[in-house]
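First the structure, in the form of structure tokens, and then the observations on it.
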Amino acid sequence: MQDLDSSLKHLQESGAQASPLQLDGCNSIWLLDDDASLLRALGRLVKAAGFSVEKFNHPIAFLSRLKQAICRVAVLDVWMPVMNGLEVQACLIENSPATRIIFMSGRDDPLVRQTALDAGAFGFLAKPFEDEALVQLIHKAVAG
């Protein structure tokens, strides 16, 4: 995690953001996507469904937050610069094994989907997806 600390400092200087909507972060739904408009929309959707939300636009900021809070369910984009969602999944498995992971991807590559699911992902949604599909998957992840 020491590399994450130095990377986070660099990212903060470059403007990468984490946007917690619940300060303690405990049992909240964490969203990670480098597309700012999609991240805002997902944040509104998940919050409207009654969940507390933390939003991240960079994987290092997301992973660094694990030092202060518990992530119950992570909704991860697959394709991001610097680190892809599968790499974030590997870090979560190591550092937060109880976290349920839901992937979303604009490129529904069957090999990537299978790799994510084989590594323990709770679900995988191809973009664009229906809002209700994500909300139902989050409910199942939280309950299960």
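If you read the sequence from its start, that first residue is 1, and numbering goes on from there.
Taking both residues in full, the closest heavy atoms of D35 and S37 are given as OD1-OG, 2.9 Å, listed atom of the first, atom of the second, then distance. Residue L137 comes nearest to G123 through the heavy atom pair CD2-CA, 4.0 Å, listed as atom of the first residue, atom of the second, then distance. Summarising the geometry of V53 relative to S28, their closest heavy-atom pair is N-CB, 4.3 Å, with the distance given to 0.1 Å. Closest of all the heavy-atom pairs between S105 and V78 is CB-CG2, 3.7 Å. Summarising the geometry of H139 relative to A49, their closest heavy-atom pair is NE2-O, 4.3 Å, with the distance given to 0.1 Å.
Without hydrogens or angle criteria, N95 side chain to C91 main chain gives a donor-acceptor distance under 3.5 Å. Distance alone, capped at 3.5 Å, is enough to place a donor-acceptor pair between the E87 side chain and the N84 backbone. Side-chain atoms of S96 never come within 3.5 Å of backbone atoms of L92 as a donor-acceptor pair (strictly under, hydrogens ignored). Formation of a donor-acceptor pair under 3.5 Å by the Q89 side chain with backbone atoms of I101 is not found in this model.
In this structure the side chain of V73 never reaches within 4.5 angstrom of the side chain of T99, judged on heavy atoms. With a 4.5 Å cut-off on side-chain heavy atoms, F56 and L39 do not count as touching. Side-chain contact check for D33 versus V75: every heavy-atom pair is 4.5 Å or farther apart. The shortest distance between side-chain heavy atoms of I102 and I138 falls below 4.5 Å. You'll find the side chain of W79 reaches within 4.5 Å of the side chain of V112, heavy atoms only. M104 has its side chain within reach of L42: a pair of non-hydrogen atoms, C-beta onward, lies under 4.5 Å apart. At least one side-chain heavy atom of V142 sits under 4.5 Å from a side-chain heavy atom of R72. Between H58 and V82, some side-chain heavy-atom pair lies under the 4.5 Å cut-off.
Two different hydrophobic clusters hold L63 and I93 under the rule that ILVMFWY side chains link at heavy-atom gaps under 4.5 Å.
Distance check, rounded to the nearest 0.5 Å: CG of L31 to NZ of K55 gives 8.0 Å. One distance of note links CE of M83 with CE of M80; it measures 8.0 Å at 0.5 Å rounding. Separating the CD1 atom in I70 from the CZ atom in R65 is a distance of 10.5 Å, to the nearest 0.5 Å. For the atom pair E130 CD and Q136 CD, the distance stands at 10.5 Å (nearest 0.5 Å). For the atom pair L32 CG and C71 SG, the distance stands at 10.0 Å (nearest 0.5 Å).
Aromatic ring pairs are classed by plane angle as parallel below 30°, tilted from 30° to 60° and perpendicular above 60°; the pair F103 and F124 is tilted. Taking the six-membered ring where tryptophan is involved, the planes of W30 and F62 are perpendicular, since the angle between them exceeds 60° and thus also 30°.
More than 12 heavy atoms of other residues, nucleotides or ligands shown are found within 6.0 angstrom of CD on E132. Enclosure of atom NZ in K127 by more than 12 non-hydrogen atoms of other residues, nucleotides or ligands within 6.0 angstrom is indicated.
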